[in-house]
Asks: 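For reference, the structure I am asking about is given below.
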Amino acid sequence: MIKDILVCLEGSPSTEAATRIAIGVARACGAQMAGLAIIDEPDIRAGTPTSIGGASYKHERDETLVADAKKLADDWVALFERRCRTAGVPARSLEIVGRPAESILTEMEAHHLTVIGRDANFRFETEEHDRKTLNAILHQAMRPVLLVPETTELELGHTVLVAYDGSHAAKRAITSFAASGIAQGRAVHVATVDDNGVLAREMSERAVAMLRAANVPATAHNIVSILSNIEALFKLAKDLGAGLMVMGAFTRGRLRELFSGSVTRGLVEQTEIPLYLQH
Amino acid sequence: MTYATPTWAVAPFVCYLLLIATLPLFFGAFWEHNRNKLIVAALVSVPVLVYLFGIRVGGGQMLLRTACDYVSFIALLAALFTISGGICLRGSVAGTPRVNSAFMAVGAVLGSLIGTTGASVLLIRPLLRANEHRAYTTHIVVFFIFIVSNGAGLLTPLGDPPLFLGFLRGVPFTWTLRLAAPWALVNGVLLSLFTIIDHIVAAREKRNPRRAAGISHFPASPNEPLHLDGAINLFWLLGIVVVVFVMGTYGTPLFGDSYLRSLVQVLGMLGCGALSLVSTKREIHEANRFNWAPIIEVAVVFIGVFITMIPALSFLGERGASLGITKPWQFFWVSGALSSVLDNAPTYLTFASLAVGVTNSGGATLSVENLGALAFHPLGQHLLEAVSCGAVFMGAITYIGNGPNFIVKAIAEQHHVRMPSFFGYTLWSLAILVPLFGVVSHIFF
């Protein structure tokens, strides 16, 4: 059962949704929460080509941006603590000065689950979008991540879809999800997409057996579809009314991802429901 | 053929320019301190000083002359910096496309009067403040760099440091006015293009309103009309123009000796700067965040530039046409291309010296010490026009091509304007400026 939830704080609407969902999970599991705000000083102060006479202006810029980032971090932490207090969930907060990906990965080790807004930008002072941090976390994290898009309903919902492809990451996702306590009281469905329906059925039933062994009853689905894997999974999630999808993250090597694309990346970019991901 | 200047003597200059361009990127924390900049400048200067005092005949004299140029150069920059730091544009105005275009147009003229750095620092904060409510402002700052921080400075030696270096080497004060046509073409086209783009962006903002993000660093102020504080500084600015013009035009008949003339010029410029300092209210300096750090940095870095460029300039003056760059359009593009990645002031002098060499290979006997003769030579004047336009205009191609580019970027980012990366900005320039410079090259060179 999850006892510690880490919420990565910043200012986007998806982090607002992530905090809401995290509070819901914490209340259901009796977990305590930690809010993490990051001041990305290394990226703000990073070296850059500077014209003659520009160094003092860069210094002034850096000081201002670091101070702004600190102030925003204070605001987010205060808001997080207020919300947790209102919800009656025990919480503490952290402010770390450092690179976002490294800071989050280090902090994740001490928590059972990390909740992140899908469109979170932890490098907001220097970048318009921050795919780099999320990519690093999803590729390197040893613990599960709950990724929450802005479009998430108020709560996780009563139906969970487990997308299972037989990979080690998918197996780890099922194991940690079954142990998390999130499955309690929810209808769990397992889907495997493959051109060979029999194979897909066998694979999904293996996942169902794994879940059953952990006292999580589940229903198997095999999907043979002319749609892409991503579209087929989204369609089934919609048909089932799923409020959460569970899957292994980046199950193929980066080189294969480069040439044949990544299902994880597609799901992360397009999902309208939270994703429970484990690398 | 034997030359007075050996090839190796140019190496410190090349090396130093590369260090200036790359050290802030790879060793930013090291480069932040002026003491470290001074150490680098001293280290690269050592071989040149050994060459000048130990090998080169008349090397000491060359160094003395260069030292005079350096002091005049820094005195002008310091005086303009002080005076422009005493002027503050206040009041609230909404950043509509018409207002923004007016800002750019004023900056395009002002740049030649108070220097592109002064005009940039004076106008960028009011412009950012006027546009604080807008969601998309990147294009405004990029065009500001194109127009006010670079293109504006072509008309007088006060406009851009390269032109003042030319002036110190004898190019008459009013000679740059002959560049009015390319100045008008470049700034006119950029201003028109900016107006169109800003109209399109503003219309898009109306259709899809999006809140501007970030913490505001502008003081809250009631609606007050736009006005100038510290207007007395316009008088001191006029003083600088008079000093520079009079010393450039009548300095020799009045004072004869070039060192005495330089001294009077420096004292005149510094006097104007000092008068600005004492006559400006403290609150204006505070509003402009005025401090000496930028000018100290410029002074420190340019010590190395001025020392190491001595053999480099004489090398180019001697080799001239043998280097293969002989036509005005070649001077325009090559001096421009180098100005875009190295600082444009030393690049200007480098190519002006090469122009002397090319002109001399046609039978003339010009000196790199006196660019005034080049400015009136039938071929030389075209080469110098090309170098002037290339160095001033193409300084806009990257953030490091001209001093104010990065200053404007840093101030904009401080106010949470999302500025393009180094390469992102260069893509803007390649798409907009390079075709425009192609037209300039075709028409004028």
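Computation of the quantities below employed the complete heavy-atom set of this structure, encompassing side-chain atoms and omitting hydrogens, waters and symmetry-equivalent molecules. A note on names: the letters A, B, ... follow the listed sequences, proteins ahead of strands, and every chain is numbered from 1.
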Asks: Under a 4.5 Å heavy-atom cut-off, does chain A meet the side chain of B:F26, its backbone, both or neither?
Replies: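 For B:F26, no heavy atom lies under 4.5 Å from chain A.
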Asks: Against chain A, work out which of B:G403, B:G28, B:A293 has the most heavy-atom pairs shorter than 4.5 Å and name it.
Replies: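 Highest number of pairs under 4.5 Å: B:G403.
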Asks: At a 4.5 Å cut-off on heavy atoms, which part of B:V408 comes close to chain A: side chain, backbone, both, or neither?
Replies: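 Neither part.
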Asks: Looking just at side-chain N and O atoms, do B:E32 and A:H59 make a donor-acceptor pair shorter than 3.5 Å?
Replies: yes
Asks: Do B:I307 and B:I303 have side-chain heavy atoms sitting under 4.5 Å apart?
Replies: yes
Asks: Per the side chain to side chain contact (heavy atoms under 4.5 Å, CB included) rule, which among A:L105, A:I104, A:N135 passes with A:Q140?
Replies: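 Of the listed options, the one satisfying the test is A:L105.
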Asks: Which bit of A:E63 is near chain B, if near means a heavy-atom gap under 4.5 Å: side chain, backbone, both or neither?
Replies: neither
Asks: Ignoring hydrogens and geometry, is there a side-chain-to-backbone donor-acceptor pair from B:R418 to A:E127 under 3.5 Å?
Replies: yes
Asks: Any luck finding a side-chain donor-acceptor pair between B:K37 and B:N34 under 3.5 Å?
Replies: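 Yes, because at least one side-chain N or O of B:K37 sits under 3.5 Å from a partner of the opposite role on B:N34.
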Asks: What part of B:F302 lies closer than 4.5 angstrom to a heavy atom of chain A: side chain, backbone, both or neither?
Replies: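 When you check distances to chain A, only side chain atoms of B:F302 fall under 4.5 Å.
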Asks: Ion pair present between A:E231 and A:K235, side-chain N to carboxylate O less than 4.0 angstrom?
Replies: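 No, A:E231 and A:K235 are not salt-bridged.
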Asks: For chain B, which candidate among A:S56, A:G11, A:A46 shows the most heavy-atom pairs at distances under 4.5 Å?
Replies: A:S56
Asks: Among A:S51, A:A55, A:G54, who wins on heavy-atom pairs under 4.5 Å with chain B?
Replies: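 Most pairs with chain B among the choices: A:S51.
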